[in-house]
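Report on the structure given below.
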Amino acid sequence: MASISLRGVQKAYGDNPPVIRNVDLEIGKNEFCVFLGPSGCGKSTLLRMIAGLEDVSDGDVSIGGKLVNDVSAAQRGVAMVFQSYALFPHMTVYENMAFGLKLAKTPKAEIDRKVREAARILQLEALLERHPKALSGGQRQRVAIGRAIVREPGVFLFDEPLSNLDATLRGQTRIEIARLHRQFAGASVVYVTHDQIEAMTLADKIVLLHSGQDTERYGSIAQVGAPLELYHRPASRFVAGFIGSPRMNFLAAKVTGVGAHGVSVALEGSGETVRLPLQGDALAAGAPVTFGVRPEHLEPVGASEPASGAASAEESLTLSRKVTLVEALGEHSYVHLDQPGGAVLIAKAPGDTHLAPGDTVPLRAHAAACHLFAQDGFALAPLAPAEVPAQRA
């Protein structure tokens, strides 16, 4: 099974600016790596360069320790599953799955064994004699995956394989892909998606690419890490805003003080203050910053109910806002709140909340769950654990 290494990889078309720029990345054996980002950020282009379907303008691509820049796609030992399934309409399921093996002149008995074993794993045994037009979208996608499995590659490449399926089938097929990865221990998977649910549930490692709207960073990596690392410790405002649904609340703020125990800020328009356990050595009092808190970390507080885990005014942010809309989703509700300056603040509440438009509700966010972003968009790093003051009981 193969690892993947990208060193200084770039891709440009003609004299246009690069669509992929200076990508350095290591994907280990048996690792499930997801390329994530908004449409047009270069995810599929990067995947196709690994597959050999796009030339590399600069840099090196290595698979299993071997430089493959000049190696054809057929000789790279990878199998790709496309968004459009790419099945041959005149062939049966069996013939579609066997096609690559026939081209490789694999013995018939070996082809039959591999195809039937893949069909068993993917629950396609009863469909082997059908043509693609007689299959559902989910079944066609499983055939495309089966065609990749029979080749027993060291690397599986998936290019938005679930985007053509409805919500129920997406969930079912996502589970199948996760199960298959566990079953084929040792195979590396690179998976492209713009759906953060797929990324968060499938990935060992997420590679988040910058949006095409950011012309200076377009095609470069915004952050690499485990799903929860990107969620809890986003490296920039872009990462914080892309990971999480609904997106993180962003509020304009100004620094009021920087000390050994963190950075104190005041929210513009309301004056509410909080001290955050973050490193702010490069900041000065009065510096404009962006304060961030996720809806699930902004807690509505009942009239007689203290916020759970809150310790003191210094260690939590307390707000009071008027409700403008309540989205009741069953298990939970999203409460939209009026924010000075015309912005909207979103908080997560229980599904049976009694809050209604027009209500004024107190809210609290623990400082440890809040984020601060400098003017260049990058996040302030947390203090080392030993530097963070102990919370009062």
Side-chain angles (χ1 to χ4, degrees), residues 1-2 29-30 32 34 44 47-48 50-53 63 72-193 195 198 201-202:
M1 299 303 175
K29 295 178 181 179
N30 198 37
F32 200 121
V34 173
S44 293
L47 186 80
R48 289 171 65 85
I50 295 172
L53 301 177
I63 298 177
S72 69
Q75 301 300 318
R76 292 195 179 192
V78 304
M80 190 161 177
V81 179
F82 296 90
Q83 177 181 352
S84 61
Y85 317 137
L87 301 179
F88 296 106
H90 64 286
M91 292 184 182
T92 64
V93 168
Y94 185 101
E95 292 167 339
N96 267 284
M97 292 172 66
F99 183 74
L101 297 176
K102 288 181 178 179
L103 287 181
K105 302 188 184 304
T106 305
K108 286 186 178 180
E110 184 71 2
I111 291 174
D112 189 69
R113 182 188 66 79
K114 289 184 175 182
V115 169
R116 294 192 183 279
E117 175 62 12
R120 183 190 63 79
I121 292 169
L122 294 166
Q123 300 175 13
L124 293 170
E125 292 169 293
L127 307 176
L128 288 175
E129 299 308 316
R130 291 192 188 181
H131 287 79
K133 66 181 180 181
L135 303 177
S136 68
Q139 290 168 338
R140 292 178 192 178
Q141 190 58 274
R142 278 187 281 153
V143 174
I145 294 171
R147 186 174 54 191
I149 287 173
V150 297
R151 295 179 55 194
E152 299 179 350
V155 176
F156 286 96
L157 306 177
F158 291 87
D159 189 7
E160 303 207 43
L162 310 185
S163 59
N164 290 333
L165 306 180
D166 62 36
T168 301
L169 278 176
R170 277 202 304 272
Q172 293 172 351
T173 310
R174 186 172 69 237
I175 293 169
E176 282 295 315
I177 291 172
R179 183 180 64 80
L180 286 169
H181 180 240
R182 290 193 300 270
Q183 187 163 345
F184 291 94
S188 302
V189 175
V190 184
Y191 186 105
V192 164
T193 184
D195 186 330
E198 290 178 29
T201 55
L202 288 172

Can a donor-acceptor pair be found, under 3.5 Å and without considering hydrogens, that links the side chain of [X] to the backbone of [Y]?
X	Y	result
Gln75	Ser72	no
Arg151	Val78	yes
Ser188	Val155	no
Arg147	Ala86	yes
Arg174	Leu202	no
Asp159	Gln83	no

Point-to-point distance, once rounded to the nearest 0.5 Å, from [atom1] of [X] to [atom2] of [Y]:
X	Y	atom1	atom2	result
Glu198	Phe158	CD	CZ	11.0 Å
Leu127	Arg140	CG	CZ	12.0 Å
Phe99	Leu101	CZ	CG	11.0 Å
Thr106	Asp112	OG1	CG	12.5 Å

Check whether any side-chain heavy atom of [X] sits under 4.5 Å from a side-chain heavy atom of [Y], and report yes or no.
X	Y	value
Val93	Met97	yes
Leu124	Val143	yes
Met80	Leu47	yes

Check the pair Leu162 / Asp195 against side-chain contact (heavy atoms from CB on, under 4.5 Å), numbers first and verdict last.
CA-CA 10 Å; Leu162 310 185; Asp195 186 330; over 6 Å; no

Minimum heavy-atom distance between [X] and [Y], given as atom pair plus value:
X	Y	value
Ile111	Lys102	CD1-CG, 3.7 Å
Leu128	Ala119	CD2-CB, 3.8 Å
Ala148	Pro153	O-CD, 3.4 Å

Distance-only check: which donor-acceptor pairs under 3.5 Å involve side-chain atoms of residues 130-137, not counting sequence neighbours?
unit_1, atom_1, unit_2, atom_2, d
His131, NE2, His90, O, 3.4
Ser136, OG, Gln139, N, 3.2
Ser136, OG, Gln139, OE1, 3.4

Answer yes when Glu110 and Arg113 have at least one side-chain N-carboxylate O distance shorter than 4.0 Å, and no when they do not.
yes

Please lay out, stage by stage, how Gln141 and Thr173 fare under the test side-chain hydrogen bond (donor to acceptor under 3.5 Å, both in side chains).
CA-CA 8 Å; Gln141 190 58 274; Thr173 310; over 6 Å; no

Summary of ring pair (Phe, Tyr, Trp, His ring centres under 6.0 Å) pairs that have at least one residue in residues 137-156, sequence neighbours excluded
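Found none.
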
Name the residue from Thr201, Val189, Ile145 that meets the side chain to side chain contact (heavy atoms under 4.5 Å, CB included) definition with Ile177.
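Exactly one pass, corresponding to Ile145.
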
Evaluation steps, salt bridge (Lys or Arg N to Asp or Glu O under 4.0 Å), between Glu117 and Lys114:
CA-CA 5 Å; Glu117 175 62 12; Lys114 289 184 175 182; over 6 Å; no

Please enumerate all residues that pass side-chain hydrogen bond (donor to acceptor under 3.5 Å, both in side chains) together with Arg48, with sequence neighbours excluded.
none

Please work out whether the ring planes of Tyr191 and Phe32 are parallel, tilted or perpendicular, with thresholds of 30° and 60°.
tilted

